[in-house]
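A quick write-up on the structure given underneath.
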Amino acid sequence: MSKENNDLIKNYQRKIKLIKRYNKLYYNDDSPSVTDSVYDKLKKEVVELEDENSFLKKFGSVKNIIGSQPSNKFKKIKHLRPMLSLSNAFGEEDMLNFLKKIKNYLNNKEFVFDFFSEPKVDGISASLTYTNGILTKGVSRGDGETGEDILQNLMTINEIPKEIKKHTDIPKVLEVRGEVYIGKKDFQLIKDNFANPRNAAGGSLRQKDPKDTAKIPLKFFVHGFGIIEPMIFKTQSEFIDKIDKWGFSVNKDNKLVKNIKEIQEQHTSIEKIRSSLDYDIDGLVYKINNLELQSRLGSTSSSPRWAIAYKFSSEKASTKINHITIQVGRTGAITPVAKVEPITVGGVVVSNATLHNEDEILRKDIRVGDYVTIQRAGDVIPQVVSVDKTKRIKNSKKYVFPEKCLCGFPTKKEISKTTKKIDVVRRCTRGYECDFTAREKLKHIVSKEAFNIEGLGKKVVDNFWDLNFIRIPSDIFNLDYSKIEKLDGWGKLSVSNLKKAVDESKSIVLDRFIYSIGIRHIGLENGKILANFFKTPEKFSELFIYKKRANILKNLEVLDGIGDTQIKSIDSFFSNNKNSQIIQSLISVLNIRSFKKITKKGKFSNKNIMFTGGLDKMSRSEAKSLAENNGAKILGSVTKRLDYLVIGNSKPTKKKIEKAKELKIKIMTESDWYKILNR
Ligand code: IVH
């Protein structure tokens, strides 16, 4: 080969490599490194080279690579009903527990119900709305509350019908939800550009130019619905059958099952054929088939109570522990981690595995130098499951758990106020004063459920921390972007995207804000309850005032869902001067919006209700949610503000009834309760 040709090939390959690197940074790492125009120019050069020297194609070819970078300029659309995620089960025990919880919630131990079992395809979920049979809206899942308008791109998918109006029995409004994915064979053709099929589907769905989306053979199958008006279905299986008839794709391995035995059988049989399917699945989804029961069960803030993803058994592998270190979490919890000889488990190289806590290490007598079995279940961190003691070297020593945090200060094991037992977890209690805890707190602040800052993930937090760009939450909102622009892997475009995301996130609703600041024991749900109590950021800020705090905390006692543990935790959070300073300086850079709970109107509008004792026909949780759906506010203790005390037939608390009588509060018996709700 001539030297000229040789140089040409080298130059060509270098450019192809660069394109792939840019793609990877964009799609996989979510951190684009060049502007659109630099990228497009490079691509044009490669295409020209190919056109002029057709022999080059055997050294690469850019034509199969997606054309341009995905855009983040899609219009945002709020979902009319949130797109939830699923909780996971990893074995029969978890499934039995799932069944038990459902029966408890419905308060019926004898219930027999059908489950609709569906393969869980690993793709990207999307929502399609048909108005009078015409596809009018296509939205990505986004954070579950708000997605992006990707209608044009979804329109390029063959398996998505553009209209279904030739069918006479379609509802006026039909929102179907399903999974966009790429077949395994199709993935083989483009695999050099993406880490996995899921990434490929996600990347191509977010292309700026739908023509680029169309280049990738995406598929779509339906697994659920959002809004349907009028609602014509009674079961999930009926819905899926109809959807099939209307011309959508549904999975051919969907099946109705009745009990744990059939659940297990279906799970085993699909797991056996898993590798022969042309798409990746990581488990089966089991859904209560009856839609009325689904609606009775409702959902928690993140996932429905009526469905679960039963994952396939995790891959295991054997390796050696080289070293044991500790990790500090955002609440100061110390977790021991085994640094193991790197090994591939389920297609991923694992070099860290969690050892859970001190007791677990003692119980399993895990030592440095041991050969252990590790497993990776779903997305969770790999864990050490067992030790092969036959391979242990003679002079190995028992592992001594460090009593100090990585910051050098002593850790503590707390005594639980309720159980009076010593906690299994050791903690560093210095909060923001411990660098290791502080760094994790920042990761929590930027996370999806908190400030949800796109482009500022855990890795970026680590990077910015190491560079001393951020130490406390308010630093995130006062970044020096000119410094970031000079960093490796960052360019003008990615910095301007980051700035935009940070600026947008400054406007936050009170409930999310309360969750974000990371008060121990205050999750998303509690954040909502507290936000509903305080309503405005000004009222919430009164917690900083020492003189007012005790009184506020006293008032929190009546809130349903806020117990002693939460109140003590709020108290200790706000009593800490450093916390106060840090959170106040955060508040000063934000626009915290007041919380408006959409209280439903109904039979109990503006009424405060409390329950005591168990009810015969429904669980306490269902009763509370029914009351709330009828406009009521649930209280956690008997006070003057209470309007009704509902007394269940099983073991009501005498004291509560007496106090209610004393305060002349209306008392409802269980049968009054059913009567009022026409049950
Ligand atoms: S049901 C409210 N069914 O898994 C229930 N989801 O972890 C929401 N998925 O976001 C989904 N196959 O993208 C359902 N047969 C199936 C599914 C499925 C894949 C995805 C979906 C969802 C995620 C939940």
Side-chain angles (χ1 to χ4, degrees), residues 79-90 94 98 102 115-128 138-148 150 154 157 159-160 175-183 196-202 205-206 218-228 233 235-237 239-241 243-244 248-257 263 266-267 270-271 274 277-291 293-312 377-380 448-449:
H79 296 295
L80 294 176
R81 277 199 196 147
M83 287 181 83
L84 301 169
S85 55
L86 293 166
S87 48
N88 292 322
F90 295 105
D94 291 348
F98 169 64
I102 289 179
F115 285 95
F116 198 62
S117 147
E118 306 171 5
K120 185 168 188 296
V121 175
D122 203 7
I124 300 289
S125 54
S127 139
L128 306 169
V139 192
S140 66
R141 176 173 184 273
D143 64 2
E145 301 262 335
T146 310
E148 288 177 320
I150 50 165
L154 288 167
I157 300 176
E159 287 189 348
I160 293 183
E175 182 196 347
V176 300
R177 292 176 174 182
E179 208 73 1
V180 176
Y181 66 101
I182 188 165
N196 56 48
R198 187 167 188 276
N199 240 293
L205 257 191
R206 295 191 80 245
L218 295 176
K219 291 182 175 152
F220 180 78
F221 86 91
V222 177
H223 55 57
F225 54 84
I227 301 272
I228 299 185
F233 302 109
T235 60
Q236 169 79 358
S237 52
F239 165 74
I240 292 289
D241 282 349
I243 275 296
D244 189 14
F248 293 87
S249 291
V250 297
N251 199 296
K252 64 170 186 19
D253 290 311
N254 292 341
K255 194 183 172 190
L256 270 177
V257 291
I263 287 174
Q266 175 68 355
H267 197 254
I270 299 292
E271 186 162 16
R274 177 182 182 188
L277 300 171
D278 186 42
Y279 41 84
D280 282 326
I281 61 174
D282 56 1
L284 296 180
V285 184
Y286 287 88
K287 303 175 181 172
I288 291 266
N289 196 35
N290 183 314
L291 299 183
L293 287 180
Q294 281 191 10
S295 116
R296 271 186 70 187
L297 286 158
S299 44
T300 66
S301 55
S302 58
S303 54
R305 293 191 190 88
W306 45 266
I308 199 159
Y310 186 177
K311 297 291 182 81
F312 291 132
D379 304 329
V380 300
K448 216 168 186 170
E449 281 80 23

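Whatever order the structure lists ligands and atoms in, that order sets their numbers, starting from 1.
Tyr310 pairs in a side chain to side chain contact (heavy atoms under 4.5 Å, CB included) with only one of the listed residues (Val285, Ile263, Asp94), which is Ile263. Exactly one of Ile270, Asn251, Ile281, Leu86 qualifies for a side chain to side chain contact (heavy atoms under 4.5 Å, CB included) with Lys120. That residue is Leu86.
Within the 4.0 Å heavy-atom criterion, neither part of Ser299 lies near ligand 1.
The nearest heavy-atom contact from the protein to atom 7 (O) of ligand 1 is Leu86 N, 3.5 Å. The closest protein non-hydrogen atom to atom 21 (C) of ligand 1 is Glu179 OE1, 3.2 Å. If you check which protein heavy atom lies closest to atom 11 (C) of ligand 1, you get His223 CE1, 4.0 Å. When only non-hydrogen protein atoms are considered, atom 2 (C) of ligand 1 lies nearest to Pro304 CG, 3.4 Å. Counting protein heavy atoms only, atom 3 (N) of ligand 1 is closest to Lys287 NZ, 3.1 Å. Looking from atom 8 (C) of ligand 1 to the surrounding protein, the closest heavy atom is Leu84 O, 3.8 Å. Closest protein heavy atom to atom 10 (O) of ligand 1: Ser125 OG, 3.6 Å.
For atom 12 (N) of ligand 1, the nearest non-hydrogen atom from the set Ile281, Val121, Ile124, Asp122 belongs to Val121. Considering only non-hydrogen atoms, atom 23 (C) of ligand 1 lies nearest to Lys120 out of Arg198, Arg141, Lys120.
The nearest pair of heavy atoms linking His223 to Ile240 is CA-CD1, 4.4 Å.
Put simply, the side chain of Glu175 gets close to the backbone of Ile227: a donor and an acceptor are under 3.5 Å apart. Judged purely by atom type and a 3.5 angstrom limit, Arg177 has no side-chain atom pairing as donor or acceptor with the backbone of Ser127.
Not a single ring pair (Phe, Tyr, Trp, His ring centres under 6.0 Å) links Phe220 to another residue, sequence neighbours left out.
Phe239 and Phe225 have perpendicular rings, their planes meeting at more than 60° on a 0 to 90° scale where under 30° would count as parallel. Ring pair His267/Tyr286 is tilted by interplanar angle, where 30° to 60° counts as tilted.
Numbered from 1 in the order shown, with element, the atoms of ligand 1 that lie under 4.0 Å from a heavy atom of Pro119 read 12 (N), 15 (N). Remark: ligand 1 atoms within the under-4.0 Å shell around heavy atoms of Glu118 are 3 (N), 15 (N), 16 (C).
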